[in-house]
Engineer: 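If you scroll down you'll find the structure; I have some questions about it.
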Amino acid sequence: MTVPHPPSGSEEPVGYDPTAVEAKWRARWAERGTHATDLNGARPYYQLMMFPYPSAEGLHIGNLYAFTGNDIHGRFQRLQGHTVLEPLGYDAFGIHSENFALKMGVHPMELIPRNVANFRRQLDRAGLMVDWRRSVDTTDPAYYKWTQWVFLKLYERGLAYKKQAAVNWCPSCKTVLANEQVINGACERCGTPVEQRALEQWFFRITEYAERLLNNLDWIDWSESTRTAQRNWLGRSEGAELRFRVLDPLTDAGSAGVMVSQEITSGSTVINVFTTRPDTIFGATYLVLAPEHPAVERLTTGDQRAAVEAYREQARKQDLVSRQVNKEKTGVFTGAYAVNPATGEMIPVWIADYVLMGYGTGAIMAVPGHDERDFEFAQKFGLPIVRVVAGPEQDAHTPLDAAYTDDADGRLVNSEQFDGVAVPDAKRQVTAWLTERGAGKSVTTYRLRDWCVSRQRYWGPPIPIIYCDACGTVPVPEKDLPVRLPNVPDYKPDDSGVGPLARHEAFYHVPCPTCGKPARRETDVSDTFLDSAWYFLRYPSVPNDAVPFDAAITKQWLPVSAYIGGNEHAVLHLLYARFINMVMFDAGLVPSEEPFKKFRAHGMIIRDGAKMSKSRGNVVNPDAYMDQWGADTVRTYLMFIGPFEEGGDFRDQSISGVRRFLDRLFASVRDANRGGAPDADVMRKLHQTIKKVGGDIPALSYNTAIAAMMEYMNTLRRGERVPHVAEVEPLVQLVAPFAPHIAEELWEMLGHAGSVFDAGWPAFDEALSRDDAFELVVQVNGKTRGKVSVARDVTQDAAVAAAQADAGIAKFLTGPAKKVIFVPGRLLNIVV
RNA sequence: GCGAGAGUGGCGAAACUGGCAGACGCGCUGGACUUAGGAUCCAGUGGGGUAACCCUUGCGGGUUCGAGUCCCGCCUCUCGCACCA
């Protein structure tokens, strides 16, 4: 049996068929080049969305959510008369692809193009205004040639260097693991306990830019939450570096009063510590060094050597993750003593893994009286605890049953000449005093570490460096770029601790570019975050192969006008992109120090109140929904379910409301009255709606913009009313950013030849939007008791009179008015 | 622990600088049109009460003519960071 089709000419009007409409406009856009941006166009507007990692599962609804939100913003800017560039590409390098390829037994060079093709198909369906002529694929040699060029730029400027660093190492898989691959100290794949290994790695000196990266956060137009996250990550802290002289066993033996068994050492060792509380120096009762601290070797006394070595070995073995999770304090005494520069007393030197080598100087002065960690440690190992700060209700002798850490209200005690000084002042005074005595200086440190860009992996851009026995480290000359990633069939990491590229002879052996003698290539590839740290600079200059980014185009199109993306990239990606852009700015290659004029973080989509995940089996497949409802409905629904910057709850049940709205819109245009005049009240509502939607879109309040259009739709069709064409035509323009296909179709049905996106935004007329009469809310004693219809510019006296004339209100006016609050245009409150 | 954000009907959510709490949508109820309705259209829909009215924005205080919104103190949830000296 076949489904009967309505015969043509039947009185049943033709309804909205999204499948047909969307296919038609996809084709029409391609044919007309509607989405191709003229880079010389007036008022350039660069709308950037975070490019996706093209996974084998296909487009995630979260991607679609982000892209739709960007697309609406971009389309709106176009309707406002900007020339909008809205590019999109693929972030396809990295450990994700590599692991997935390993698992599936497919080579990434085969897998990625397949995934990209599938993504492209899904993205095309979504109706994004993307100019695909300016796409990038980070795995394309034409792109990573320039990623390597970026590396060399940093190298050239002294911002790339090599040093030893610890990595997570799985002794069973014989490979380097990222922190997120370590679960409870074990390898996520095989469960073997993870160890540390020290490898030579490439780093970028992002710490040199810490201050600028921090200061610019004050003025860039970014989501506050993102700026805060970056501030915390940069972690500026002001304090002092203090010098502690370690006792020399020879000269200090007598005075020490302890058994010193170490051999004579030459010269004296100094330990520098960083502290934010120099004011507590009189309470520093011991020192703690990180187990890896280079001075440990020298300080350790003979009788402590075995214990110290054992402890260092244990710390070394522990993986990087669990070392930071394990909070139980451990440590070992080195046998050495240092002199507290304030008190002149001898204090023991310990090592403990709660002190991190990577922060400050890798050594601390422990003030157990005023630091929780030190307190805990001192209690466990029986070290002295001294009070040197007293709170408002305390004095020098108040016992300490916990560390007193308040640094605002306390005053110094047991601190000789500083007794009684308030903590904030004491910080300055003590630092000045110690500086004078050559025992310290004030310094600012950052939590931020240098960026490790090396990966001992296969699936990434080879780092363009050559090692020559004669010439040393030689950068690959620009003319030799790209250093192509060879197609290595066995790209699995092995136990050598170096990347798989080291096994590829033809890649590895290379003549030195300087002297021509046999040399070796660097076999590490670079971090994917490097690929994405500059991609926005590339888009406008694609496909120019002569330069990474064309000077004139870059000057015109950068910085990015608006960037909208997930807050999961609040710190790393966005910080690295700012850093790279800043370096390029210093090199005179980009027009602004900051790459993204405006950044907004969108929220996350959950489903039926729960996070979407494969294991829960509640992942939304965009294809299925677009099949059933049409892309326009899915787009609009995604934007309707909650504030874009907060995310929303995807519920299958609710999507029909949005579809119904589009159905009604379609019917309204189809059936609109062309003769006669539009209704004045409806037109007033129309202008209010134009204003509302035009204000909501740039604020990313998409959900309320859609609600306003729905409300207008209700006005248009209330009581089976048939709208006039002048009432619906502007609505088509308002809807266009959200539901572009149907908007084009309706625009055509309204008799227009060109694209609705070239038609501009409907004119808003303030005069037409104003009501002349309105309902004034009347309160008596602050409680709403009714409303009266009055003129918009009603005076207070007239309003009171109108209220008194209303029986429902008058009965609450039990006495003379004691006070009258009149808010023109809003409300009247009579206090009796 | 620190940092950020959020708690509003049966559900997703609105509410601009303090000014009608619950727009819009889902669901639900009733009605219309229908052979039919899980289609479409119309109307209603926070709770209590016959009603006049009363109550209601996580909890407890406060400021104010008036508080979802501001202040103080709690509770819960989500997301970051996590021994950063």
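First the proteins, then the strands, lettered A, B, ... as listed; each starts at 1. Computed from a predicted model, the values in this text were never measured in an experiment.
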Engineer: Given B:C83, B:C81, B:C11, which nucleotide is nearest the side-chain atoms of A:R447?
Structural biologist: B:C81
Engineer: What about A:W350 and A:F381, are their ring centers closer than 6.0 Å?
Structural biologist: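 That pair passes the under 6.0 Å test.
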Engineer: Which nucleotide, B:A23, B:A85, B:C11, lies nearest any side-chain atom of A:A707?
Structural biologist: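 From the listed options, B:A23 comes nearest.
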Engineer: Would you mind pulling out the nucleotide paired to B:A14, Watson-Crick or G-U wobble, both distances under 3.5 Å?
Structural biologist: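 Because no pair has both required distances under 3.5 Å, B:A14 counts as unpaired.
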Engineer: Mind checking the C1' distance from B:G22 to B:G9? Whole angstroms is fine.
Structural biologist: 7 Å
Engineer: Which value, rounded to the nearest 0.5 Å, describes the distance between A:F738 atom CZ and A:I72 atom CD1?
Structural biologist: 5.0 Å
Engineer: Aromatic rings A:F274 and A:Y359: how do their planes relate, parallel, tilted or perpendicular, breaks at 30° and 60°?
Structural biologist: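 Correct class here is perpendicular.
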Engineer: Mind checking A:S237 for me? I need base, sugar-phosphate or nothing, with any heavy atom below 4.0 Å counting as a touch.
Structural biologist: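 Result for A:S237 = sugar-phosphate.
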Engineer: Could you tell me whether the side chain of A:K787 has a donor or acceptor atom within less than 3.5 Å of a complementary atom in the base of B:C20?
Structural biologist: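 Result: at least one qualifying N/O pair found.
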Engineer: For the side chain of A:K818 and the base of B:C65, is some donor closer than 3.5 Å to an acceptor across the two?
Structural biologist: no
Engineer: So what does A:R826 hit on the nucleic acid, given a heavy-atom distance under 4.0 Å: a base, only sugar-phosphate, or nothing?
Structural biologist: base
Engineer: Return no unless some side-chain N or O of A:S223 is found under 4.0 Å from OP1 or OP2 of B:G5.
Structural biologist: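 Answer is no, no contact under 4.0 Å.
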Engineer: Side chains of A:I742 and A:F666, heavy atoms from C-beta outward: is any pair under 4.5 Å?
Structural biologist: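 With C-beta onward as the side chain, the pair touches.
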Engineer: Contact class for A:E711 (heavy atom, under 4.0 Å): base, sugar-phosphate, or nothing?
Structural biologist: sugar-phosphate
Engineer: State the CZ-CG distance between A:R578 and A:L217, to the nearest 0.5 angstrom.
Structural biologist: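 Spacing of CZ (A:R578) from CG (A:L217) equals 4.5 Å.
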Engineer: What's the shortest heavy-atom distance between A:I351 and A:Y311, and which atoms?
Structural biologist: CD1-CD2, 3.6 Å
Engineer: Suppose you measure atom P in B:U63 against the same atom in B:C72; what distance do you get, rounded to whole Å?
Structural biologist: 15 Å
Engineer: Which nucleotide, in any strand shown, forms a Watson-Crick or G-U wobble pair with B:C41, with both distances under 3.5 Å?
Structural biologist: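 With both distances under 3.5 Å, B:C41 matches B:G31.
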Engineer: Do A:N673 and A:R721 have side-chain atoms, one donor and one acceptor, less than 3.5 Å apart?
Structural biologist: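 No, A:R721 and A:N673 have no side-chain donor paired with an acceptor closer than 3.5 Å.
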Engineer: Set out, in order, the CA-CA distance, both residues' side-chain angles and the distance that settles side chain to side chain contact (heavy atoms under 4.5 Å, CB included) for A:F529 and A:W451, then state yes or no.
Structural biologist: CA-CA 10 Å; A:F529 277 119; A:W451 173 12; 3.8 Å; yes
Engineer: With rounding to the closest Å, how many angstrom separate the C1' atoms on B:G47 and B:G10?
Structural biologist: 12 Å
Engineer: Determine the interplanar angle of the A:Y702 and A:F644 rings, folded into 0 to 90°, and report it as parallel if under 30°, tilted if 30 to 60°, perpendicular if over 60°.
Structural biologist: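 Tilted, since the angle between the ring planes falls between 30° and 60°.
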Engineer: When you check the phosphate oxygens OP1 and OP2 of B:A14, does a side-chain N or O of A:N703 lie under 4.0 Å from one of them?
Structural biologist: yes
Engineer: Determine the contact category for A:D663: base if any of its heavy atoms lies under 4.0 Å from a base atom, sugar-phosphate if only primed atoms, P, OP1 or OP2 are that close, otherwise nothing.
Structural biologist: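 Touches nothing.
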Engineer: Partner lookup for B:C65, please. Criteria are Watson-Crick or G-U wobble with both distances under 3.5 angstrom; report none if nothing qualifies.
Structural biologist: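 Across any shown strand, B:C65 pairs with B:G19.
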Engineer: Taking atom P in both B:A32 and B:G12, compute the distance separating them and give it to the nearest angstrom.
Structural biologist: 33 Å
Engineer: Looking at B:A82, B:G12, B:G3, which one has an atom nearest to any side-chain atom of A:N232?
Structural biologist: B:G3
Engineer: Distance check, P atoms only: B:C75 and B:C20, in whole angstrom units.
Structural biologist: 32 Å
Engineer: Does the structure show a Watson-Crick or G-U wobble partner for B:G9, both distances under 3.5 Å? Name it, or say none.
Structural biologist: none
Engineer: In whole angstrom, give me the gap between the P atoms of B:G68 and B:G7.
Structural biologist: 14 Å
Engineer: If I pick the C1' atom on B:G25 and the same atom on B:A13, what distance separates them, to the nearest angstrom?
Structural biologist: 8 Å
Engineer: Let's test this: given Watson-Crick or G-U wobble pairing with both distances under 3.5 Å, identify the partner of B:G60.
Structural biologist: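 Per the H-bond distance test, B:C72.
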Engineer: When every nucleotide of nucleotides 41-58 of chain B is labelled 5' to 3' by its protein contacts under 4.0 Å (heavy atoms), B for base, S for sugar-phosphate only, - for none, what sequence of letters results?
Structural biologist: SS---------SSSS---
Engineer: Which of the following nucleotides, B:C83, B:A14, B:G19, is nearest to the side chain of A:T704?
Structural biologist: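 Nearest to the side-chain atoms of A:T704, counting from C-beta on, is B:A14.
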Engineer: Pick one: which of A:R616, A:R651, A:M612 meets side-chain contact (heavy atoms from CB on, under 4.5 Å) with A:R607?
Structural biologist: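 Exactly one option meets the side-chain contact (heavy atoms from CB on, under 4.5 Å) with A:R607, and it is A:M612.
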Engineer: Mind checking the C1' distance from B:C79 to B:U40? Whole angstroms is fine.
Structural biologist: 44 Å
Engineer: Rounded to the Å, how far apart are A:I605 CD1 and B:U78 P?
Structural biologist: 19 Å
Engineer: Just the rounded figure in Å: distance from P of B:G27 to CG of A:D649.
Structural biologist: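 Those two atoms, CG and P, are 15 Å apart.
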Engineer: Which nucleotide sits closest to the side chain of A:S225: B:C20, B:G12, B:A4?
Structural biologist: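 So the side chain of A:S225 is nearest to B:A4.
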Engineer: Name the closest nucleotide to the A:P643 side chain, picking from B:A21, B:A13, B:A85.
Structural biologist: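 Given the options B:A21, B:A13, B:A85, the side chain of A:P643 is closest to B:A13.
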Engineer: Hunt down the Watson-Crick or G-U wobble partner of B:C2, both distances under 3.5 Å, from any strand shown, or write none.
Structural biologist: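 Checking every strand shown, B:C2 finds its partner in B:G80, with both distances under 3.5 Å.
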Engineer: Which one, B:G25, B:A82, B:G27, comes nearest to the side chain of A:N714?
Structural biologist: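 From the listed options, B:G25 comes nearest.
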Engineer: Take atom CD of A:E646 and atom C1' of B:G7, then tell me their distance rounded to the nearest Å.
Structural biologist: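 After rounding, the gap between these two atoms is 12 Å.
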Engineer: Determine the contact category for A:K691: base if any of its heavy atoms lies under 4.0 Å from a base atom, sugar-phosphate if only primed atoms, P, OP1 or OP2 are that close, otherwise nothing.
Structural biologist: nothing
Engineer: For A:N567, which contact category applies under a 4.0 Å heavy-atom criterion: base, sugar-phosphate, or nothing?
Structural biologist: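 No contact.
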Engineer: Rounded to whole angstroms, how far apart are CD1 on A:I809 and C1' on B:C20?
Structural biologist: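 Rounded to whole Å, this separation is 12 Å.
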Engineer: Under the rule syn = chi within 90° of 0, otherwise anti, which is B:G27?
Structural biologist: anti
Engineer: Look at the side chain of A:T784 and decide which nucleotide, out of B:C83, B:C11, B:A21, has an atom nearest to it.
Structural biologist: B:A21
Engineer: Just say parallel, tilted or perpendicular for the rings of A:F377 and A:Y354, cut-offs at 30° and 60°.
Structural biologist: tilted
Engineer: Nearest whole Å is fine: how far is B:C79 P from A:E568 CD?
Structural biologist: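 That distance rounds to 13 Å.
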Engineer: Can you work out whether A:L448 or A:G647 has the more 5'-proximal nearest nucleotide on RNA chain B?
Structural biologist: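 Going by which nucleotide is closer to the 5' end, it is A:G647.
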Engineer: Can you measure A:N829 atom CG to B:A67 atom C1' for me and round it to whole angstrom units?
Structural biologist: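 For the pair A:N829 CG and B:A67 C1', the rounded distance is 13 Å.
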Engineer: Nearest to the side chain of A:F640 - B:A85, B:A21, B:G12?
Structural biologist: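 The closest nucleotide is B:G12.
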Engineer: May I ask you to verify whether the side chain of A:Q779 and the base of B:G19 hold a donor-acceptor pair under 3.5 Å?
Structural biologist: yes
Engineer: Expressed in angstrom and rounded to an integer, what is the separation of A:E376 atom CD from B:G1 atom P?
Structural biologist: 14 Å
Engineer: Are the side chains of A:L572 and A:W233 in contact, using a 4.5 Å heavy-atom criterion?
Structural biologist: yes
Engineer: Find the distance A:Q688:CD to B:C16:C1' and express it as a whole number of Å.
Structural biologist: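 Checked: the CD to C1' distance equals 14 Å.
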Engineer: Using a heavy-atom cut-off of 4.0 Å across all strands, would you classify A:L827 as base, sugar-phosphate, or nothing?
Structural biologist: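 It contacts base atoms.
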